[in-house]
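Each remark here refers to the structure printed beneath this line.
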Amino acid sequence: MKCLRLVLLVLFMPGLSACASLNKPVSAPTAAEPVPTAEITSTPSPTLPPTPTAVNCLGLPGQLVSGALDTTTPPQQYLIYLPPCYGQNPDQRYSVLYLLHGQLSTDSQWVDLGAPAVADSLISSGAAPPFIIVLPDDRYWNLPSGDGFGDRLINDLIPFIDGNYRTLADRTHRALGGLSRGGGWAVHILLTQYGLFASIGLHSAVIFDNDARELRVLVPDVPADAWPRLWLDVGDGDGGLGKIQAFESLINAYEVPHEWRMYTGGHTNSYWHAHITEYLEWYAEGFRESASPVVTTTPAP
């Protein structure tokens, strides 16, 4: 009889185990799992641990997180897009695209325009190598500290990003783009810090008055071989069309290679949203060109 009870217990144990498994509540994802692109989480720690997963991580959305540098005044806030597989490939380093927003917006403007979603699509399809996007915040533009945004970007934020995220920290793998006021900052940095970026995009750029007065001095000061890849676009109904056309004519006079686009549209989010895929494809093209193949050498006999 004892033997019979033991046999029956052994026979029924798998069923009991299966029932217990089916009735067990599903646990919520851990914080280390990838977060959908549209979700903004808290300030990241300097190092992000790898996240094991059984699925192809390139098919998942990148992670969007927020942070702030408390060493600056005001604290320099930012959003950062970490591409798919960033957590799963702890030895990989990435090119970085900095995108600057417009005057009445914040660091979320490029998110609202769809930049992270477009990056996800380009990366998952293989049209672009995985890359990081940094979205600095310039919401204090109308305060005295607003004039210092460019210094905070160059002297504080870029070194912080390179020191705390796995970037390829050189000009070849760094790009800058800006729209509206952010485009004005991009013009200013282009003409004063041209050695920092391999590609610079000016999208409906509002050129600062001081820079506009100095363009004929600043443009020829850039060495011919130091110009980055350059993109300019503007809508035909944009109020700043004349100034942008004058800048484009000036760099034409100095035979500066660049992409020039004038589309139908105004100085609006709908205009930039209509061209966001084209913008990111152009930046990704620069990252593809900078990707170096692995070179092996044969030892001398």
Side-chain angles (χ1 to χ4, degrees), residues 44 46-48 50 57-58 62-65 67 69 76 78-100 107 110 115-116 118-136 150 152-178 182-183 185-186 189-203 222-223 225-231 257-259 276-296:
T47 57
L48 298 177
C57 54
L58 282 176
Q63 184 181 16
L64 189 67
V65 295
L69 276 66
Q76 181 56 58
Y78 66 92
L79 295 175
I80 185 166
Y81 163 88
L82 302 175
C85 301
Y86 183 90
Q88 290 79 11
N89 297 327
D91 296 327
Q92 184 170 353
R93 291 188 171 272
Y94 301 87
S95 298
V96 187
L97 169 60
Y98 290 82
L99 292 176
L100 312 182
D107 50 9
W110 283 96
V118 172
D120 285 342
S121 177
L122 293 175
I123 293 168
S124 64
S125 68
F131 60 95
I132 291 171
I133 303 175
V134 180
L135 308 171
R152 292 194 299 275
L153 171 65
I154 301 302
N155 299 327
D156 298 290
L157 185 59
I158 291 177
F160 175 83
I161 296 296
D162 287 339
N164 291 276
Y165 297 90
R166 298 196 309 276
T167 68
L168 292 164
D170 56 53
R171 181 192 198 233
T172 303
H173 299 93
R174 188 184 296 127
L176 173 69
W185 274 115
I189 292 168
L190 164 68
L191 298 175
T192 58
Q193 302 282 348
Y194 47 80
L196 285 177
F197 299 94
S199 300
I200 293 184
L202 313 175
H203 313 296
V222 180
D225 60 354
W227 283 92
R229 294 173 68 246
L230 189 57
W231 168 287
H258 63 281
E259 298 283 341
I276 186 66
T277 298
E278 188 176 9
Y279 297 163
L280 264 68
E281 287 176 340
W282 181 79
Y283 292 116
E285 180 183 354
F287 293 149
R288 285 198 306 270
E289 292 174 357
S290 66
S292 301
V294 176
V295 178
T296 59

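What you see is a predicted model; the values in this text were computed from it and never measured. Positions are given from 1, in the same order as the sequence printed here.
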Testing the basics here: between [X] and [Y], what is the closest heavy-atom pair and its distance to 0.1 Å?
| X | Y | answer |
| --- | --- | --- |
| P84 | L58 | CB-CA, 3.9 Å |
| Y283 | G177 | OH-CA, 3.0 Å |
| L99 | A115 | CD1-CB, 4.3 Å |
| G201 | A186 | O-CB, 4.2 Å |
| P159 | I154 | CD-O, 3.4 Å |

Out of curiosity, [X] [atom1] to [Y] [atom2], how far, rounded to the nearest 0.5 Å?
| X | Y | atom1 | atom2 | result |
| --- | --- | --- | --- | --- |
| L196 | R171 | CG | CZ | 8.5 Å |
| L202 | L230 | CG | CG | 5.5 Å |
| L122 | T277 | CG | OG1 | 7.0 Å |
| E289 | T172 | CD | OG1 | 11.5 Å |
| I80 | T167 | CD1 | OG1 | 9.0 Å |
| L69 | D156 | CG | CG | 6.5 Å |

Quick check against the 3.5 Å criterion: does R166 have a side-chain atom that pairs as donor or acceptor with the backbone of Q92?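 The answer is yes, because a donor-acceptor pair under 3.5 Å joins these two groups.
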
Apply side-chain contact (heavy atoms from CB on, under 4.5 Å) to P83 and list each qualifying residue two or more places apart in sequence or on a separate chain. Y81, Y86, Y94, I123, P130, I132

Aromatic rings Y78 and Y165: how do their planes relate, parallel, tilted or perpendicular, breaks at 30° and 60°?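 Taking Y165 first and then Y78, their aromatic rings stand perpendicular (interplane angle over 60°).
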
Which class fits the ring pair F131 and F287: parallel under 30°, tilted 30 to 60°, perpendicular over 60°?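 F131 vs F287 ring planes: tilted.
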
The test is side chain to side chain contact (heavy atoms under 4.5 Å, CB included); show your working for V118 and Y279 and say whether it passes. CA-CA 10 Å; V118 172; Y279 297 163; over 6 Å; no

With sequence neighbours excluded, tell me which residues meet side-chain hydrogen bond (donor to acceptor under 3.5 Å, both in side chains) with S199. R229

Decide side chain to side chain contact (heavy atoms under 4.5 Å, CB included) for I158 and L153; before the verdict, give the C-alpha distance in whole Å, the side-chain angles of both, and the deciding distance to 0.1 Å. CA-CA 6 Å; I158 291 177; L153 171 65; 4.3 Å; yes

Check against side chain to side chain contact (heavy atoms under 4.5 Å, CB included), W110 and I276: CA-CA 9 Å; W110 283 96; I276 186 66; 3.4 Å; yes

Go through the steps to decide whether I161 and Y98 satisfy the test side chain to side chain contact (heavy atoms under 4.5 Å, CB included), and finish with yes or no. CA-CA 11 Å; I161 296 296; Y98 290 82; 3.5 Å; yes

